[in-house]
Amino acid sequence: MTCWLLKTEPDAFSLEDLRRRGEEPWDGIRNYQARNFLRSMMPGESIFIYHSRTSVPGIVGTACIASPARPDPTQFDPTSRYFDPASTRQAPRWDLVDVSYAGTFLEPVPLEILRKMEAFQDSLLIRKGNRLSVLPVTDAQWSAVMQRTRLV
DNA sequence: GCCAACGTTGGC
DNA sequence: GCCAACGTTGGC
């Protein structure tokens, strides 16, 4: 049972948006390493939701994987900003998973704090220039974050 | 809004 | 197969 971290820009789609909708197809992932992580996700696994490109970037709550990976329909849609003309229905290049809301932290755990936590010292998340938006989370990282916060 | 860091593309 | 150019990410 692996845990995961998904980044999102709250201006585009926030944890609050996910809470309102309950469940959402996590589309638009266009990075091979991230896609490979999506493909190894199993329904029921836990997710940290991370807000990037915001005044205080950090982990703001939790979600759950609600479906196995399947082809991301936006890659075939010429009107989508995620359209990929090089992808075919016979061999889809990009996948998504459905994500369901779990909980919102009373206190988000900011990147500034994560950087100082022992469990995150080897994590891609705190590496300068890291752009990966789908990352595995270790058990130690999961508990370290959960110990610092409370769910609403 | 700026810009460093990164992944991808395409000419050669 | 190299690598410059380009587009995007994300902290600040």
Side-chain angles (χ1 to χ4, degrees), chain A residues 2-21 23-41 45-65 69-138 140-142 144-149 152:
Chain A
T2 312
C3 299
W4 304 95
L5 181 146
L6 296 178
K7 289 183 191 169
T8 184
E9 297 182 20
D11 287 351
F13 189 82
S14 68
L15 179 61
E16 180 58 18
D17 293 327
L18 180 62
R19 188 190 65 76
R20 279 194 291 262
R21 300 213 208 172
E23 189 172 313
E24 185 76 2
W26 208 262
D27 59 16
I29 302 293
R30 295 293 181 269
N31 168 286
Y32 288 105
Q33 197 180 353
R35 183 208 60 188
N36 293 342
F37 284 137
L38 288 177
R39 288 183 174 173
S40 65
M41 289 177 173
E45 289 176 337
S46 294
I47 306 168
F48 281 142
I49 299 295
Y50 178 97
H51 280 177
S52 63
R53 236 174 191 285
T54 185
S55 57
V56 183
I59 300 171
V60 293
T62 59
C64 186
I65 295 166
R70 56 188 168 85
D72 179 347
T74 63
Q75 70 196 302
F76 306 122
D77 177 3
T79 68
S80 168
R81 60 175 292 228
Y82 300 125
F83 178 59
D84 182 354
S87 184
T88 66
R89 289 183 186 274
Q90 289 71 32
R93 186 179 282 184
W94 307 112
D95 280 21
L96 60 71
V97 295
D98 293 308
V99 170
S100 60
Y101 175 81
T104 302
F105 292 164
L106 207 55
E107 303 258 359
V109 181
L111 178 62
E112 189 187 349
I113 299 292
L114 297 172
R115 284 190 195 286
K116 293 176 181 162
M117 295 172 63
E118 184 62 33
F120 280 90
Q121 291 314 299
D122 294 330
S123 172
L124 283 174
L125 185 65
I126 66 164
R127 272 238 297 267
K128 186 177 182 183
N130 166 56
R131 300 167 59 187
L132 198 57
S133 61
V134 180
L135 296 137
V137 166
T138 66
Q141 290 166 351
W142 188 271
V145 169
M146 294 308 279
Q147 270 173 21
R148 284 201 65 96
T149 188
V152 169

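Protein chains get the first letters and strands the later ones, always in sequence-line order, with residue 1 at the start of each. Here the structure is a predicted model, which is why all the values come from computation and not from measurement.
- The interatomic distance linking A:L124 (CG) with C:dT9 (P) rounds to 17 Å, in whole Å.
- Nearest nucleotide to the side chain of A:Y32, out of C:dG10, B:dA4, B:dT8: B:dT8.
- At whole-Å resolution of the value, CG in A:D84 and P in B:dG7 are 18 Å apart.
- By the 30° and 60° cut-offs, the orientation of the rings of A:Y32 relative to A:W94 is tilted.
- Atom NE2 of A:H51 and atom P of C:dC12 are 17 Å apart (whole Å).
- Contact annotation: A:Y50 does not reach the phosphate of C:dT9 (side-chain N/O to OP1 or OP2, under 4.0 Å).
- If you measure from atom CG of A:L132 to atom C1' of C:dG10, you get 13 Å, rounded to the nearest angstrom.
- Nearest nucleotide to the side chain of A:K128, out of C:dC12, C:dG10, B:dA5: B:dA5.
- In the model, A:S14 has a side-chain atom that pairs as donor or acceptor with a side-chain atom of A:D17 under 3.5 Å.
- Without hydrogens or angle criteria, A:T149 side chain to A:E107 main chain gives a donor-acceptor distance under 3.5 Å.
- Considering only the side chain of A:N31, B:dG7 comes nearest among C:dC12, B:dG7, C:dT9.
- The nearest whole Å value for the distance from the CD1 atom in A:I113 to the C1' atom in C:dG11 is 16 Å.
- Of the two residues contacting DNA chain B, namely A:R127 and A:R93, the nearest-nucleotide position lying further toward the 5' end is that of A:R127.
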Give the table of side-chain donor-acceptor pairs shorter than 3.5 Å for residues 50-65 of chain A, with sequence neighbours excluded, one pair per line with atom names and distance.
unit_1	atom_1	unit_2	atom_2	d
A:H51	NE2	A:L15	N	3.1
A:T62	OG1	A:G103	N	3.3

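- For the pair A:Y82 and A:R30, the tightest heavy-atom approach, listed with the atom from each and the gap, is O-NH2, 2.9 Å.
- Here C:dG10 presents its C1' atom at 7 Å from CD of A:E9, a figure rounded to the nearest Å.
- Remark: P of B:dG1 and CG of A:D11 are 12 Å apart, rounded to the nearest angstrom.
- When each of A:G28 and A:E112 is assigned the nucleotide of DNA chain C bearing its nearest heavy atom, the one mapping closer to the 5' terminus is A:G28.
- In the set B:dG7, C:dG11, C:dG10, C:dG10 carries the atom at the smallest distance from any side-chain atom of A:K7.
- Atoms CG (A:N130) and C1' (B:dC3) sit 17 Å apart, rounded to a whole Å.
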